Q: 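Below you will find the structure I want to go over with you.
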Amino acid sequence: MITHDIRSEATAKQLLERGRQVLRAEIDALLQLEAHLDDNFAGAVRMLDATQGRIVVTGMGKSGHIARKMAATFAATGSPAIFIHPAEAAHGDLGMVQQGDTLIVLSNSGSTPELTPIMQHCRSMRIRIIGIASRLDSPVMQASDVRLLLPQVREACPSNIAPTSSTTMMLALGDALGMALMDLRGVARDNIKKLHPGGAIGLRLMAVSEMMHGGASLPLVRRDTPMREVIMTMTSMGFGAAGVVDDDGRLVGVITDGDLRRHVGDLGDGVAAAVMTRNPKTVPLGTLAEDALMIMNDCKITTVFVMEDERPDTPAGIVHIHDFVRYGLS
């Protein structure tokens, strides 16, 4: 029996165009979703903000995968949340739902039968429900306190079956809820850092004080220090720079390799004050490493002094561009 294999006839151009068709379909779905958002969205965010317990998110099938991600987004941005599988809920996991929780239910059709037990359980406990579906007359939406209506769009699937455009809308709506709730609760970078001590996010939110060199490692010289000693300090410390301080320990200038080249005639019998660059770029002690790196890149410098909080004109440490590379930031 001879079968027709379309794979042998598909060209790269056709495959590329098909990929673009899917993206256009999902982009159009998101634009429609944006236009559909109304005061119910604000009501949902306020309901989540008023939650005394946890945000419980549930969904079946592909909606369940989106629900897992939605719960993870809430938890990662400072709002305790869990995912409960609706089928497992009917076999004992309903005990995970408590008074004070808020339930979010995802179902494109709004008629997923596996969702009935957890919704009935929450209604009996007077737990508030946020429904996300594409039909207002569906069981999910009828049982919900706040209804977030998805526009009825065609799936990117040729047969209009495989969840694609609909799950993209759910994913984006979950992100919108999470970010709006984060803003409403005033969750800042410091809060996020506590929840992300590891990984790329943890590195980006690391304070520059955690990587700086301080104490005896600080390459500091006085204004009247002979340039021969300045060069020795720059070389021995390994930063390619030296900070110049006054008698009270305040940073009044910095000397870099570039300053040495510009003042080559002063290196024999000159002193630090004659070679230094005044008003050097510095960062406060609490600066995030990511922000410090951005400042260094913008100013095209390889080192920056970190200043004390109580004495902002006094260096507490120094960081070199290689420190960021060592920690995985670039």
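Predicted model only: the values in this text are computed from it and were never measured.
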Q: Among all residues two or more places apart in sequence or in another chain, which pass the side chain to side chain contact (heavy atoms under 4.5 Å, CB included) test with Thr167?
A: Lys62, Ile66, Pro163

Q: Could I get the full list of salt bridge (charged side-chain N to carboxylate O under 4.0 Å, His left out) partners for Arg54, not counting sequence neighbours?
A: Asp101

Q: Under the side chain to side chain donor-acceptor pair (under 3.5 Å) test, which residues partner Asn160, sequence neighbours left out?
A: none

Q: Answer yes or no: is there a donor N or O on one side and an acceptor on the other, between the side chain of Thr112 and the main chain of Glu114, under 3.5 Å?
A: no

Q: Among residues at least two apart in sequence or on other chains, which ones pass ring-ring contact (aromatic ring centres under 6.0 Å, His included) with His36?
A: none

Q: Not counting sequence neighbours, which residues clear side chain to side chain donor-acceptor pair (under 3.5 Å) with Ser217? List them please.
A: none

Q: Enumerate the salt bridge (charged side-chain N to carboxylate O under 4.0 Å, His left out) contacts for residues 23-37, please, sequence neighbours excluded, ordered by first and then second residue.
A: Glu17-Arg24

Q: Side chains of Val254 and Ile301: closer than 4.5 Å at any heavy-atom pair?
A: no

Q: How about Arg222 and Val252: do any of their side-chain heavy atoms sit closer than 4.5 Å?
A: no

Q: Does Pro113 offer a backbone N or O that forms a donor-acceptor pair with the side chain of Thr116 under 3.5 Å?
A: yes

Q: Are Thr164 and Glu155 close enough that a side-chain donor and a side-chain acceptor fall under 3.5 Å?
A: yes

Q: Would you say Asp183's side chain and Ala180's backbone share a donor-acceptor pair under 3.5 angstrom?
A: no

Q: Pairs of donor and acceptor atoms involving the side chains of residues 306-315, under 3.5 Å and at least two apart or interchain, shall be tabulated with distances.
A:
unit_1 : atom_1 : unit_2 : atom_2 : d
Arg311 : NE     : Thr314 : OG1    : 3.3
Arg311 : NH2    : Asp248 : O      : 2.9
Arg311 : NH2    : Thr314 : OG1    : 3.4

Q: Show the numbers, then the answer: is there a side-chain contact (heavy atoms from CB on, under 4.5 Å) between Asp175 and Lys69?
A: CA-CA 9 Å; Asp175 288 344; Lys69 195 274 180 186; 2.5 Å; yes

Q: Do Leu251 and Thr282 have side chains that get closer than 4.5 Å, going by heavy atoms?
A: yes

Q: For atom CE of Met96, is the number of surrounding heavy atoms from other residues, nucleotides or ligands below 6.0 Å larger than 12?
A: yes

Q: So, the side chain of Glu210 versus the backbone of Ala207: is there a donor-acceptor pair under 3.5 Å, distance only?
A: yes

Q: Which residues satisfy the side chain to side chain contact (heavy atoms under 4.5 Å, CB included) test with Glu88, sequence neighbours excluded?
A: His85, Asp93

Q: Output all residues satisfying side chain to side chain contact (heavy atoms under 4.5 Å, CB included) with Ile161, sequence neighbours left out; order by chain, then residue number.
A: Cys157, Ser159

Q: How would you list, by chain and number, every residue that makes a ring-ring contact (aromatic ring centres under 6.0 Å, His included) with Phe239, sequence neighbours excluded?
A: His213

Q: Do the side chain of Thr11 and the main chain of Gln14 share a donor and acceptor less than 3.5 angstrom apart?
A: yes

Q: Under a 4.5 Å cut-off applied to non-hydrogen side-chain atoms, are Glu229 and Val221 in contact?
A: no

Q: Taking the side chain as C-beta and beyond, is there a heavy-atom pair between Leu33 and Leu173 under 4.5 Å?
A: yes

Q: Looking at Asp49 and Arg46, is there a salt bridge between them, counting it only when a charged N and a carboxylate O are closer than 4.0 Å?
A: no

Q: So, using salt bridge (charged side-chain N to carboxylate O under 4.0 Å, His left out) as the criterion, who are the partners of Arg135 when residues are at least two apart?
A: Asp137

Q: Applying side-chain contact (heavy atoms from CB on, under 4.5 Å), run through Leu48 and Val45 and close with a yes or a no.
A: CA-CA 5 Å; Leu48 294 172; Val45 175; 5.6 Å; no

Q: For the residue pair Gln21 and Arg18, confirm or rule out a side-chain donor-acceptor distance under 3.5 Å.
A: yes

Q: Given Met212, which partner from the list Asp323, Ile318, Leu285 fulfils the side chain to side chain contact (heavy atoms under 4.5 Å, CB included) test?
A: Leu285

Q: Testing the basics here: between Val271 and Asp224, what is the closest heavy-atom pair and its distance to 0.1 Å?
A: CG1-O, 3.6 Å

Q: Using a strict 4.0 Å threshold on nitrogen-to-oxygen distance, state whether Asp246 and Arg223 make a salt bridge.
A: no

Q: Among all residues two or more places apart in sequence or in another chain, which pass the side chain to side chain contact (heavy atoms under 4.5 Å, CB included) test with Leu260?
A: Met227, Ile231, Met234, Ile255, Asp257, Leu267

